[in-house]
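Have a look at the structure below, then the notes.
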There are 2 protein chains.
Amino acid sequence: MARTTIKDIAQECGVSLSTVSLVLNNNPRISPATREKVLKAVERHQYQPNAFARSLASRQSSIISVVLPDLNHVFADPYFGEIVSGIYDRASELGYKVMLDVANHRFVSTGEYINTLKSKRADATLFIGSSIYDTYLDQIEKEGLAFILVNHYMPGRDISYIAADYKETARLAAEHLLGLGHRCIGFLSGTTTNTALDLRASFIDACVAGGIKETDVPWADAWFTEQGGYEAAQWLIERYPNMTAMMGGNDKMAIGAMRYLSQKKTACAGGHFDYRSGRHSRSLLHPPRTDDHPARPLPHRQPRGGLRVGAVQPGSEAASEDPARPAYRS
Amino acid sequence: MARTTIKDIAQECGVSLSTVSLVLNNNPRISPATREKVLKAVERHQYQPNAFARSLASRQSSIISVVLPDLNHVFADPYFGEIVSGIYDRASELGYKVMLDVANHRFVSTGEYINTLKSKRADATLFIGSSIYDTYLDQIEKEGLAFILVNHYMPGRDISYIAADYKETARLAAEHLLGLGHRCIGFLSGTTTNTALDLRASFIDACVAGGIKETDVPWADAWFTEQGGYEAAQWLIERYPNMTAMMGGNDKMAIGAMRYLSQKKTACAGGHFDYRSGRHSRSLLHPPRTDDHPARPLPHRQPRGGLRVGAVQPGSEAASEDPARPAYRS
DNA sequence: TTGAAAGCGTTACCAT
DNA sequence: ATGGTAACGCTTTCAA
C-alpha cells in the first residue's frame with residue numbers, strides 16, 4: 001500500500017494540493033471550515049508529510065549537526081554529554097532535530113563537516129571540541145557557512161562561537177581558593193583551545209591580583225584527561241611541595257590529580273567548581289564530609305558567569321564580540 | 001550565487017543528468033573516460049549532491065534515529081553514551097547518519113517516534129530505554145516499522161530487539177562471587193525492563209545452583225540510579241547483616257550502594273563486572289589496592305557473553321529468537 | 001554507453 | 001479564500 005501523500009488528502013477533501021499544504025503550515029488565510037476538513041482527513045489517514053520533499057521545496061532541513069571530537073567513547077563523556085543535552089533541549093523546543101557526528105580523521109579529511117552543510121543535510125553545525133585546524137576554517141569563512149564553534153574560538157577569524165565565560169570562571173575559582181587561605185596554588189590544564197589558554201591566564205592574573213606572586217601559581221600543561229591530570233599533579237607536587245591547592249582545567253583532570261594524591265596517601269578534598277553559583281561542591285570522588293574544607297562565601301564580587309558569544313552574520317565581514325545572541329538563530 | 005547542481009556538472013561536461021547521476025552512484029556502466037571527466041568537474045566545483053533530493057528520489061534517508069529515555073541529562077549518562085558510541089561507530093561505517101531523540105512526554109504522546117519513521121526522516125529507529133508502554137507498540141507492530149528495542153524486549157510481540165546477554169552476565173557474576181567464598185549475596189536492580197527481570201532471576205538461579213539457599217540471595221527492587229542503589233543497599237543491609245557481597249543491576253546502583261557503605265564506615269571494595277571478559281575491575285570509586293579482594297579466576301566455565309537478538313522481518317508474522325542478526329540490516 | 005523524461009512529495013508564486 | 005503550476009535536485013526506468 002502506497003504512502004498517503006498530500007495529494008490523497010487533497011482529493012479526499014476535494015481541495016487542491018496548495019490548500020492542504022497551507023493548512024499543514026498553519027497559514028491563516030484558510031477558512032476554518034476547510035482547515036477543519038483537511039485536518040480531519042489528515043488525522044484519519046495518520047498522514048505524515050514527507051520530510052524530504054518538504055526540505056527540498058523549502059530549502060530548510062530543520063536539522064542541526066553537532067560535531068564532537070574524536071575521543072574514545074566520546075558520547076559517554078559527561079562533559080560533552082552535558083553540552084549535547086543542552087543543545088538537544090533547545091533544538092527540540094525550536095523544532096529542530098539533532099544529528100550527531102564525530103570529527104574523526106575521515107570526517108575531517110573528506111571535508112564532510114562542510115558537505116553536511118553544503119548537501120543541506122543540516123541547516124547549521126555546532127562544532128564542539130578543539131581538534132580543529134586552520135585549514136578547515138578557510139572554506140567555512142569563505143563560504144559563510146552556518147558553522148559555530150562551541151567552547152572554543154579563533155581570534156581574528158570570522159567564525160561564530162559560543163563559549164562559557166572561562167575568564168570569569170577562573171577568576172571566581174582563584175578568589176575562592178585565595179579566600180580559603182591558600183598561598184601557593186597549582187593550575188593544571190590543557191592548551192588545545194583558546195578558551196583553555198584564557199582560563200590559565202585569567203587564573204594567574206586573579207591570583208596575582210589577590211596578592212600572591214606569579215611564581216606561586218605554578219602550572220602544568222597536560223591533556224584534558226584523567227591521566228593528564230594525574231601526571232600534571234605529580235609533576236607539580238614534586239616541584240612545589242609547599243603547594244596547598246590545585247585547580248584542574250576540567251573534571252577529568254581534577255579526578256586524575258585526586259587519584260594521584262590519594263595514591264600518595266596525601267589528605268585530599270576534591271570537588272567541582274560551578275562558576276554560575278560560585279559554589280564548590282565536593283561530591284566528585286568522596287562523599288561529603290563536614291570535616292574537610294568548609295565552603296566559605298566568596299570574598300567579594302558576586303559571580304556573574306554567562307556566555308561569550310562571537311557572532312558572524314552570514315554576509316558580514318567581521319566578527320562582533322556582541323554578547324547578544326549567536327548568529328544563525330534569528 | 002546559486003548552488004551548483006547536477007545540472008551544472010552535466011552541462012559543463014556535455015553529458016546528461018543521468019550520466020552524472022550514474023557516475024555519482026558508481027554505476028559500472030559508464031565508460032571510464034566519461035566517469036573521469038565528470039569526477040573532475042565534481043571536484044572542481046566541490047559539488048555536493050543535495051541530500052534531500054536524493055532521499056526523495058531514492059526513498060532512502062540513510063539516517064537512523066536513536067531514542068533515549070527521558071532521564072535528566074541523559075546524554076551525559078555513560079551507560080547510554082556507550083551504547084550511542086557503538087551505534088554511531090557502526091552506523092557511520094555503513095554510511096548512515098545518527099539522529100538523536102529523547103522519549104519525553106511530547107515525543108511519545110504526539111507519536112513522534114512513529115512519525116519520524118513515517119515521514120521518512122529516518123530509515124529505522126533504535127529505541128533505547130524502557131519507558132515504553134504497550135500502547136506505543138501496537139502501531140509499530142501493525143505497520144511493520146523498522147523499530148528495534150535495545151537492551152529491552154517484549155515477549156509475545158513482533159518487535160525486534162537487541163540486548164546484551166543479561167542471563168549469562170548474571171550467571172558469571174554470581175559464580176565470580178561464589179568463587180570468592182561469599183555465601184549470602186544481595187542483589188539490587190530495577191524491574192523496569194524484561195532484561196532486568198532476567199538478570200535477577202538468572203542471578204538467583206545461579207546462586208542456588210552454586211549451592212546456597214534462595215533465601216541467602218536477598219534482593220531489592222529500586223530505580224536504576226545512584227539514589228536507588230543507596231537505598232536498596234541500606235534496605236538490604238539492615239535486614240541481612242550477614243550479607244558479605246552485593247551485586248547491582250548497573251554501575252550507578254553499585255556506586256550508590258558503595259556510597260552507603262562508605263558512609264556507614266563499612267570496609268568496601270567495589271568494581272565493575274565485565275561479562276565479556278569475566279573480569280571484575282575495581283576502578284569504580286577507589287584506586288586499585290592490592291589488599292582488597294584479590295580477583296580469582298572463575299570457577300569453571302569460560303565466559304561466553306554475546307547478544308540476544310529477536311529479529312522481526314518487515315513482512316513476517318512471528319519473532320524469531322535467531323541470534324544471527326537483527327532485522328532491517330541486510 | 002548514454003540520453004530523455006517521468007516521477008519523488010512538497011512549497012511558493014501567481015492567478016482567480 | 002482557494003487553485004494551478006512551476007520549481008526543488010535527484011534517481012530511475014526505458015529508449016536509443
Quick one: is C/dG3 close enough that its OP1 or OP2 comes under 4.0 Å of any side-chain N or O from B/T19? yes
Of A/L56 and B/G14, whose closest DNA chain C nucleotide lies nearer the 5' terminus? B/G14
Closer to the 5' end of DNA chain C via nearest nucleotide, is it B/R59 or B/T34? B/T34
For A/K97 and B/E112, what are the C-alpha separation, side-chain angles and deciding distance, and is it a salt bridge (Lys or Arg N to Asp or Glu O under 4.0 Å)? CA-CA 12 Å; A/K97 292 277 188 181; B/E112 197 170 324; 3.1 Å; yes
Atom of B/D70, atom of B/A103 and distance for their closest heavy-atom approach: CB-O, 3.6 Å
Which atom names give the shortest non-hydrogen contact between B/A146 and B/D123, and what distance separates them? CB-O, 3.4 Å
Sequence neighbours excluded - ring-ring contact (aromatic ring centres under 6.0 Å, His included) pairs with any residue from residues 4-60 of chain A: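 Sorted result for residues 4-60 of chain A: A/F52-B/F52.
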Where at least one partner belongs to residues 56-78 of chain A, residue pairs that pass ring-ring contact (aromatic ring centres under 6.0 Å, His included), sequence neighbours excluded: A/F75-B/Y88
side-chain hydrogen bond (donor to acceptor under 3.5 Å, both in side chains) against B/R59, all qualifying residues, sequence neighbours excluded: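 Expected list: none.
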Note the angle between the end axes of the helix from C/dT1-D/dA16 to C/dT16-D/dA1, five pairs defining each, rounded to 10 degrees. 30°
Under 3.5 Å side-chain donor-acceptor pair for B/S18 and B/S21: no
Would you kindly say whether B/N151 and B/Y79 are connected by a side-chain donor-acceptor distance under 3.5 Å? yes
Protein within reach of the bases, or only the backbone? For nucleotides 10-16 of chain C, mark each nucleotide 5' to 3' as B, S or -, using heavy atoms under 4.0 Å. BBB-B--
Do B/E93 and B/R90 pass the salt bridge (Lys or Arg N to Asp or Glu O under 4.0 Å) test, and can you show the C-alpha distance, the side-chain angles, and the key distance before you say yes or no? CA-CA 5 Å; B/E93 262 178 52; B/R90 184 65 179 145; 2.8 Å; yes
Anything under 4.0 Å to a heavy atom of chain A counts; send over the first and last such nucleotide of DNA chain D, read 5' to 3'. D/dA1 to D/dG9
At what distance, to the nearest 0.5 angstrom, does CG of A/L68 lie from CZ of A/F80? 6.5 Å
